[in-house]
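Note that the numbering runs from 1 along the sequence shown for the chain.
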Amino acid sequence: MVRALSLALLAAVVAASPAMLPVMAETMSFENATSILAESCGKDIDANCLGVSLDAPRLKECLYRNQDSVSPQCRANYISAFDAIQKRIAARSAVGKLCARERQKICADTQGKPGETISCLLKAPTKSLGWGCNQALGQAGYR
């Protein structure tokens with residue numbers, strides 16, 4: 001009964017705070033997402049998207065625009081690979097917000113230096129960071 005109530009409470013908190021969703025979602029490294037794209041869509045990208053900038057939005061749009069001529073394997077995988085990239089970007093954006101308290105408390109001397117702040121947070125003992133901050137660092141791929 002208590003466990004069911006706890007799960008219901010957790011579900012309500014997650015539903016009420018959409019800002020937490022990107023951090024709680026599973027993310028994939030940029031390298032893994034790029035590997036999926038290279039393996040599944042490399043030939044299709046060469047054939048259909050030559051000259052297109054290799055940034056994610058333009059490449060995704062090119063593959064979508066040419067989906068009638070891309071391989072079934074590429075069609076099956078490219079959307080999930082681009083979604084994984086977007087989730088990782090969202091998770092990295094959420095770190096600043098979800099680690100704000102820890103940044104002020106533990107890493108005050110690194111204000112205005114994002115790279116140093118992340119390094120400082122990663123050097124801090126895990127138990128000195130809040131749950132949300134720890135989750136954000138993990139989902140962002142920093143751990």
Side-chain angles (χ1 to χ4, degrees), residues 1-46 48-67 70-143:
M1 175 73 174
V2 172
R3 181 172 166 79
L5 184 58
S6 296
L7 291 175
L9 181 60
L10 179 61
V13 168
V14 169
S17 45
M20 292 288 287
L21 289 179
V23 174
M24 296 181 77
E26 284 296 316
T27 64
M28 177 189 304
S29 72
F30 293 122
E31 295 82 11
N32 288 346
T34 303
S35 293
I36 289 171
L37 282 174
E39 289 174 24
S40 298
C41 301
K43 291 178 184 176
D44 296 304
I45 291 169
D46 287 343
N48 298 297
C49 302
L50 196 60
V52 171
S53 174
L54 293 181
D55 63 80
R58 289 189 180 134
L59 193 54
K60 182 178 180 181
E61 192 275 325
C62 177
L63 290 171
Y64 179 76
R65 187 178 61 242
N66 293 294
Q67 66 182 333
V70 300
S71 68
Q73 183 179 6
C74 179
R75 274 195 307 270
N77 293 334
Y78 84 87
I79 291 175
S80 63
F82 284 114
D83 286 347
I85 291 169
Q86 287 307 116
K87 285 179 183 175
R88 181 55 63 101
I89 291 169
R92 288 197 172 182
S93 296
V95 168
K97 184 176 184 179
L98 293 171
C99 294
R101 181 181 60 83
E102 292 85 349
R103 192 176 62 226
Q104 290 290 328
K105 185 177 174 184
I106 300 169
C107 303
D109 58 330
T110 65
Q111 295 299 321
K113 304 171 188 170
E116 289 181 28
T117 301
I118 296 296
S119 180
C120 173
L121 290 169
L122 292 172
K123 289 176 188 171
T126 304
K127 61 185 174 185
S128 69
L129 304 176
W131 180 85
C133 182
N134 275 314
Q135 287 293 105
L137 290 169
Q139 292 296 320
Y142 294 126
R143 289 206 166 132

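Residues forming a side chain to side chain donor-acceptor pair (under 3.5 Å) with S119 (at least two apart in sequence, or on another chain): none. Not a single side chain to side chain contact (heavy atoms under 4.5 Å, CB included) links S80 to another residue, sequence neighbours left out. Listed by chain and number, the residues in a side chain to side chain donor-acceptor pair (under 3.5 Å) with T110 are T117 (sequence neighbours excluded). With sequence neighbours excluded, the residues satisfying side chain to side chain contact (heavy atoms under 4.5 Å, CB included) with E39 are S35. With sequence neighbours excluded, no residue forms a side chain to side chain donor-acceptor pair (under 3.5 Å) with N66. Not counting sequence neighbours, T34 has no partner by the side chain to side chain contact (heavy atoms under 4.5 Å, CB included) test. Partners of D55 under the salt bridge (charged side-chain N to carboxylate O under 4.0 Å, His left out) rule, at least two apart in sequence or in another chain, are R58. Listed by chain and residue number, T27 satisfy the side chain to side chain donor-acceptor pair (under 3.5 Å) test with R88 (two or more places apart in sequence, or in another chain). When the side chain to side chain contact (heavy atoms under 4.5 Å, CB included) test is applied to A140, the partners found at least two apart in sequence or on another chain are A91, R92, V95, Y142. Considering only residues two or more places apart in sequence or on other chains, R101 meets the salt bridge (charged side-chain N to carboxylate O under 4.0 Å, His left out) condition with none of them. With sequence neighbours left out, E61 forms a salt bridge (charged side-chain N to carboxylate O under 4.0 Å, His left out) with R65.
Taking all atoms of both residues into account, the shortest heavy-atom contact from Q67 to R75 is O-NH1, 2.9 Å. Counting all heavy atoms, side chain and backbone alike, Y64 lies closest to Y78 at CA-OH, 3.2 Å. Heavy-atom minimum distance, S71 versus S40: OG-O, 3.8 Å. Nearest heavy atom pair, residue C62 against residue N48, reads SG-O, 3.5 Å.
For the pair L63/F82, a side-chain contact is recorded, criterion being any heavy-atom separation below 4.5 Å from C-beta on. Residues Q135 and L98 form no side-chain contact, since every pair of their non-hydrogen atoms from C-beta on lies 4.5 Å or further apart. The shortest side-chain heavy-atom distance between D83 and K60 falls under the 4.5 Å cut-off. Taking the side chain as every heavy atom from C-beta outward, C99 and L129 never approach each other to under 4.5 Å. Side-chain contact between F30 and I89 is present, with heavy atoms from C-beta onward closer than 4.5 Å.
Between the side chain of N77 and the backbone N or O of C41 there is no donor-acceptor pair closer than 3.5 Å. Using a distance-only test at 3.5 Å, with no hydrogens or angles considered, no donor-acceptor pair links the side chain of E102 to the main chain of L121.
The line from SG of C120 to CZ of R103 is 11.0 Å long, rounded to the nearest 0.5 Å. To the nearest 0.5 Å, the span separating CD1 on I106 from OG on S128 amounts to 4.0 Å. Here the CD1 atom belonging to I45 is positioned 4.5 Å from the CG atom belonging to L59, to the nearest 0.5 angstrom. Atom-to-atom distance recorded for N134:CG and R143:CZ is 4.5 Å, nearest 0.5 angstrom.
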